[in-house]
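First up is the structure itself, then whatever we jot down about it.
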Amino acid sequence: MVEIRLTNTRTRRKQVFRPIDPQNVRLYLCGPTVYDRAHLGNARPVVVIDVLVRLLRHVHGADHVTYVRNFTDVDDKINAAALARQQAGAPGTLEELIRERTRETIGWYHADMDALGAMRPDHEPRATDYISQMIAMIQTLVDGGHAYARDGHVLFRVRSFADYGKLSGRSVDDMIAGARVEVAPFKEDPMDFVLWKPSDAGLPGWDSPWGRGRPGWHIECSAMSYELLGESFDIHAGGIDLQFPHHENEIAQSCCAHPHGDFANIWLHNEMLQVEGKKMSKSLGNFFTVRDLLDQGIPGEVIRLVFMQTHYRSPMDWTESKRQNAAHHLANWGRIRRHKLSDPLPKFDGTKVDQRIIEALADDINTPNALTRLYEMAQEISSANHPADSDLVLSFFDTLHFLGFKELDPQRLSRRAAVENATKLSELAERMNALRIEAKASKDFSAVDALKQRLLAAGVEVRMGPAGVELLPGPDFDAARLPG
RNA sequence: GGCGGGUUGGCGGAGAGGUUACGCAGCGGAUUGCAAAUCCGUGAAGACCGGUUCGAUUCCGGUACCCGCCUCCA
C-alpha cells in the first residue's frame, strides 16, 4: 500500500499518515459561510481536499473514507444580507429572507464547486440543524469549568485550556500584549471568545439555558465534527487564515468538551490565493467569484488545473498566463483523446491510474509533480509513432479521470457557447428593458412578468433596477430553454 | 509590536548535498497554399553575506525584500 505523507500544521512536519481506522478514514473541511457567492479563494481548499479524498479513496477503498464539509448558515453577515434585502423592499419576514438567502447560496456553491470537478462530500451538515448539539456542548463546557455565562453570553475560558495557542504557535500572554481587539466588559480574559450570544427580536435565535440566542462562530464545527466523525478523527483541513483563531478555538472547545478524544490528528492548511500579488479578500475588495470566471467562458476544469499547478502550501497567484497555460494543456489532452483513443467513452475505473502520479500525490499532495508526470505521458503518447489504445494511453485517460478531468478541451466549445449565450442574453435584456419602459408608462406589467417567468424557468437571474435590466446565467442555466 | 511562510532560468513551478526537473514563452528544424496547431531539437537558474563540507541552489547563521495571521475571511 502506498504510504501517504502529509504536512501537519500542528507539528510543522511532514509525517506518515496512519488512519485511526483504515476501514473509515475521516476528514473534515471547514466549509463556507453561506451569505454570498464563493470567491476564487474559497475554491482552493475544496479542490485541494478533493484531490486528497480521491487519493485516500484510491488507497483505502472508495467506501472507506468519510468526508464532511459543513455549511455555516448562522452568521451575522447572513443576517445583515437578509436585513439589507428587507430594507430594499423584499417581501417576507427576516427569518424567511435568511432561509431564502442560505438556500440560494448553497445552490450556487454546489453549482460552482461541481463545475470545478470537486466531488460532493459524504455529509454536508448545516449549522442550523445542529443547534441543540451546540447547546449541549456549550453546557458541557460550562459544567466542566471551561466556559462561563455573562449577560446572556457564554464565553470560553481560554485560561482553562493549557494548550491554547499551540496550533498557531502563540501564547495567550503574547497575544494579550499585542492585542488589537476591543475587550468586551463581560470577558474574564481578553482572549476569551464567544460560544453563545443573545439575539434580540430582530435576529434569528434559539431557546437555550442562557436565554434566546445564537451560537458564536467556531462552535458549529466542533459540534458537527463530533456528531459525524466522533471525538477523534484523522484530518481537519482549511485555509491557513483559519489557523487562528478559528481552528485554535475549535481545538480548545472540542478537547475540553471531550477530554478523552484527540479531536483531529492531522491539520492541513492551504496557503492563500492571491491576485496581483495580494491576498484576495473581501476587505481589500479585490475578489472575484468562481461564477465570474465561469461566466467569462473559463471552463471549470481550467480553473481546477490552474489550482493544481501550484502546491497547496504555497501562495498561488491567479493570472491570465496561467489560465492560458492550463487551457492549452486541456486542449492538448482533448486532441490526444480524439487521435489516440478509438472509444471516446471508455469505462474508466481507476485500475489503470499511473503509479508515479499516485506517488506524487502521496507525497503531501504534490500536484505540480503529478502534472509533470502527466505532461511526460502526454508527450510520449503524442509522438507520431505511438499507437492508439496502448496501455499508456488507457492509463493516461484513467489517470485524468481519476484526477477529476473528464471534459478536456472544453475551452473552444464553452467559449463559443458563452458568447452565444451572452449575445442572446444581452438581446433579451434589451428587449425586456424596452418592454419594461413601455410597461412603466402603461402600468401593464404582464408582458414583462411573463418574460421574467420564462427567463427564471431557464435558470437566468433577472435583476431589474433603475439602470435597466441585467440578465445573468444562474447555476441551473439552460440555454436551450431561453425564450426565442 | 508578536507569530508563521517565502525569495529558483524571460514567466510559472518541483525535487534532490554531487548526475537533464517539468511546463509555457524564445531560438533552430519538420510539416503546412498562408496562418494556426502539432512533432523533433536547443540555450538559460536558485535574493545577498558568511559558515559546515572534498563539494550547497539544497544544511546552519545573519542581512534585505515579499506575503500571511494577530479583526470578518479559505
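Any value given below was found using the heavy atoms of this structure, including those in side chains, with hydrogens, waters and symmetry copies removed. Numbers restart at 1 for each chain; the letters A, B, ... are given by sequence-line order, proteins then strands.
When heavy atoms are screened at a 4.0 angstrom cut-off, D76(A) is found touching no nucleic acid atom at all. Residue contacts shown for T319(A) are absent, as no nucleic acid heavy atom lies under 4.0 Å away. Looking at heavy-atom distances under 4.0 Å, H269(A) makes no contact with the nucleic acid at all. Residue H246(A) is classed as having no contact, given no heavy-atom separation below 4.0 Å to the nucleic acid. Q379(A) comes within 4.0 angstrom of the backbone, heavy atoms only, and of no base. Using a 4.0 Å heavy-atom cutoff across all strands shown, L273(A) reaches at least one base atom of the nucleic acid. The residue G41(A) sits close to a base: some heavy atom pair falls under 4.0 Å. At a threshold of 4.0 angstrom between heavy atoms, the contacts of Q243(A) with the nucleic acid are absent.
Going from the P atom of C22(B) to that of G43(B) covers 11 Å, rounded to whole Å. Nucleotides C24(B) and C67(B) place their C1' atoms 25 Å apart, quoted to the nearest Å. Nucleotides A25(B) and A44(B) are separated by 12 Å at their C1' atoms, to the nearest Å. One C1' atom belongs to C59(B), the other to U38(B), and the distance between them is 45 Å to the nearest Å. The P atoms of A36(B) and U31(B) are separated by 16 Å, rounded to the nearest whole Å. Spacing between A35(B) and G68(B) at atom C1', rounded to whole Å, works out to 47 Å. Remark: the separation of the P atoms in G55(B) and U19(B) is 15 Å, to the nearest Å. Here the separation of G46(B) from U7(B), taken at their C1' atoms, is 9 Å to the nearest Å.
Considering only side-chain N and O atoms, S382(A) lies under 4.0 angstrom from the phosphate OP1 or OP2 of C39(B). Side-chain nitrogen and oxygen atoms of N325(A) include none within less than 4.0 Å of the OP1 or OP2 phosphate oxygen of C24(B). Distances shown here put every side-chain N or O of T9(A) at or beyond 4.0 Å from the OP1 or OP2 atom of G4(B). Taking side-chain N and O atoms only, K322(A) has no distance below 4.0 Å to OP1 or OP2 of G23(B). For R170(A), no side-chain nitrogen or oxygen approaches OP1 or OP2 of G2(B) to under 4.0 Å.
Base-pair partner of C34(B): not found among the strands shown (Watson-Crick or G-U wobble, both distances under 3.5 Å).
In this structure, R304(A) satisfies the cation-pi test against F405(A), with its NZ or CZ atom closer than 6.0 Å to the six-membered ring centre and inside 45 degrees of the ring normal. In this structure, R54(A) is not positioned above the aromatic face of F402(A) in the sense of NZ or CZ being under 6.0 Å from the six-membered ring centre and within 45° of the axis.
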List the steps, then state whether ring-ring contact (aromatic ring centres under 6.0 Å, His included) holds for H247(A) with W267(A). CA-CA 9 Å; H247(A) 289 160; W267(A) 288 82; 4.9 Å; yes

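On a pure distance criterion of 3.5 Å, a polar donor-acceptor pair joins the side chain of H39(A) and the base of A74(B).
Closest non-hydrogen pair, I219(A) versus L195(A), comes out as CG2-O, 4.0 Å.
By the 4.0 Å N-to-carboxylate-O rule, E100(A) lies too far from R103(A) to be salt-bridged with it.
Rounded to an integer number of Å, the gap from D75(A) CG to A74(B) C1' is 14 Å.
Within the 6.0 Å centre-distance limit, the rings of F263(A) and H236(A) are counted as a close aromatic pair.
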